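Predicted model, so just to flag it, every value in this text is computed and none were measured. If you read the sequence from its start, that first residue is 1, and numbering goes on from there.
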Amino acid sequence: MNLKKLKSRRSIKRLGQKILWQGLVLAATGMLGVAITICLWTVDNPKSLGDLVASVTLSALLLILLLGTIAVILRKTKRTIFRWTRKSIHITIPLILLVLAVTVFLLGRLDESDIEFNSPEGLAGSQDYFEGLEFTTEKLWEATNEQRTKHSKSALTLSPQLNESALRKCQDMVAKNYWSHNDPDGREPWHFINQVNYSYDTAGENLAYGFASETDVVTGWMNSEGHRENLLGEYTEVGFGTCKSEDYIDNGKQLIVVQHFATPARTTQSQPSQSTSNNTPVIKPYMAPVCTKTPVPYEIKYIDVSYLYVGETEEYGGRDGYRETCTADSTGYKPPDFTSPPYDKTIYRGTKPKPSSSTNTPSLTYQQAYSNCNAILGQHGASNSSAMQQCLAAYGY
């Protein structure tokens, strides 16, 4: 009876050991398959590849160490361990293949979508900026035309003017830290195209940030309905602008891309007899707004002090105020009016009559002097007979 119980306990213990060992082998094999799949998926991503390989390698080493430790604790012979491992792989290999297939499928779908966020304003990918990330206009242009060719669309011509307008829009977005086709003042993207004196019939704009390569940017646009319509639209010219921001709309350091499309304005010949040797369109030059400043009156105070006589003034502190009004520029944009009031600016005007002199002869008639004194004294509320006499004395009466 005791012998049977001992054998039963040994059988249960042996079964537990087999289950533990087969579970560890399954985990190790699955981790190896997932590690290979992830490495293949991230081979074109220089930022995350190193981190993933390092983490997978560390996990594999820890698992191998655990397997060795368990093998020592079980105290089984190499032959027994090998036999258990072989049986575990035979049993679990169909499950591992299924897991790998599902993993590859999901990673493929993830790669297609590039974890991108599509909004009416632009396309935001999941890629943070990493050191050395740069986009070139030529590669963005090539990737754009490659997509247009695939969809039987004519290739776009690279326009230096649209390159400049796209760069200005990009720099404006970084300077004012906004993510929109319209700037914070409500100006549409065509404002920047007008700034470079580009005359067009139709125009379009695509925005993006958070991508690791020029191809990823264009692929992201193609996966977005609105941006795809622009990219495959009936335009003839294109331009690109790229710029960096240290903390773009609270998303850390980013590389922003602006794409401008346009079809140049068609020119018509008004007179059939006119020479056609020069068909260069006349571009209206950009005219900046004209701003005018008008002074804002400062405060005048009348005081009766010994050192200021009638007609004498003295200024104290501050600065003058002004009101600025501007005309609209050639694109129709009008800067808002601005008023700057005086800052602590005060002018004091004396009310004390000048002392009379026996040698002085009156320069004004009595009636003129009386009118002047009456006006001066009335302004500061000192119209009485004593003040009037002092004021007339200043004029020699």
Side-chain angles (χ1 to χ4, degrees), residues 108-127 135-173 178-184 186-196 198-243 248-249 251 254-266 331:
R109 292 293 299 274
L110 191 62
D111 183 59
E112 289 178 4
S113 63
D114 200 26
I115 321 179
E116 63 196 24
F117 171 69
N118 178 18
S119 74
E121 301 300 347
L123 203 65
S126 62
Q127 175 69 54
F135 291 164
T136 66
T137 300
E138 289 72 19
K139 289 185 179 180
L140 288 167
W141 179 36
E142 290 174 3
T144 297
N145 279 335
E146 182 180 351
Q147 291 293 340
R148 288 180 64 88
T149 303
K150 287 181 181 179
H151 294 81
S152 303
K153 297 291 183 178
S154 59
L156 298 174
T157 302
L158 189 63
S159 167
Q161 285 179 290
L162 292 180
N163 283 341
E164 177 64 23
S165 68
L167 179 60
R168 291 191 183 192
K169 173 59 182 291
C170 190
Q171 292 172 341
D172 190 68
M173 291 169 63
Y178 67 92
W179 176 242
S180 173
H181 288 298
N182 295 349
D183 71 2
R187 292 179 295 185
E188 296 180 323
W190 332 128
H191 165 76
F192 298 94
I193 298 180
N194 292 330
Q195 273 190 339
V196 299
Y198 185 97
S199 181
Y200 59 90
D201 285 336
T202 57
E205 179 182 77
N206 280 346
L207 307 176
Y209 75 88
F211 292 89
S213 70
E214 295 88 345
T215 303
D216 289 346
V217 173
V218 176
T219 301
W221 281 331
M222 287 296 293
N223 291 336
S224 166
E225 183 178 355
H227 301 89
R228 176 189 177 94
E229 290 179 1
N230 264 345
L231 204 141
L232 300 180
E234 299 302 323
Y235 302 108
T236 59
E237 295 187 352
V238 69
F240 302 90
T242 62
C243 49
Y248 188 55
I249 54 175
N251 286 324
Q254 294 291 347
L255 183 60
I256 301 96
V257 185
V258 177
Q259 184 180 42
H260 277 175
F261 304 92
T263 299
R266 293 184 294 270
T331 66

*Tell me, with the steps shown, if Phe192 and Val258 meet side chain to side chain contact (heavy atoms under 4.5 Å, CB included).*
CA-CA 12 Å; Phe192 298 94; Val258 177; over 6 Å; no
*If you measure from CD1 on Ile249 to CE on Met173, what distance do you get to the nearest 0.5 Å?*
7.5 Å
*Nearest 0.5 Å, what's the OH-CG distance between Tyr200 and Asn194?*
4.5 Å
*Between Thr242, Thr144, Asn230, which is the residue that forms a side-chain hydrogen bond (donor to acceptor under 3.5 Å, both in side chains) with Gln259?*
Thr144
*asked:* Any non-hydrogen side-chain atom of Tyr178 less than 4.5 Å from a side-chain atom of Asp172?
replied: yes
_Option passing side chain to side chain contact (heavy atoms under 4.5 Å, CB included) with Trp221 (candidates Asp216, Leu232, Val257)_ = Val257
*Any donor-acceptor pair under 3.5 Å linking the side chain of Lys169 with the backbone of His191?*
no
*Mind listing the closest non-hydrogen atom pair of Ala166 and Gly239 along with its distance?*
CB-O, 4.1 Å
*asked:* If you compare all heavy atoms of Pro189 against all heavy atoms of Asn182, which two are closest, and at what distance to 0.1 Å?
replied: CD-OD1, 3.6 Å
*Give, for atom CD of Glu229 and atom CG of Asn206, the distance between the pair rounded to the nearest 0.5 Å.*
10.5 Å
_Ala265 to Asp201 - nearest heavy-atom pair and separation_ = CA-OD1, 3.4 Å
*Out of curiosity, Ser154 OG to Asn145 CG, how far, rounded to the nearest 0.5 Å?*
8.5 Å
_Which residue in the set Arg168, Gln161, Glu205, Glu164 passes side-chain hydrogen bond (donor to acceptor under 3.5 Å, both in side chains) when paired with His260?_
Glu205
_Suppose we screen for salt bridge (charged side-chain N to carboxylate O under 4.0 Å, His left out). Which residues come up paired with Lys153, at least two apart in sequence or across chains?_
Glu234
*Kindly compute the distance separating OG1 (Thr157) from CH2 (Trp141), expressed to the nearest 0.5 Å.*
7.0 Å
*On the 0 to 90° scale, with breaks at 30° and 60°, tag the Trp179-Tyr248 ring pair as parallel, tilted or perpendicular.*
perpendicular
*To the nearest 0.5 Å, tell me how far Gln254 CD sits from Cys243 SG.*
11.5 Å
*Closest heavy-atom contact between Met222 and Leu231?*
SD-CD2, 3.7 Å
*Could you pull out the closest heavy-atom pair between Thr136 and Glu214, with the gap in Å?*
N-OE2, 3.0 Å
*Closest heavy-atom contact between Phe261 and Leu162?*
C-CD1, 4.3 Å
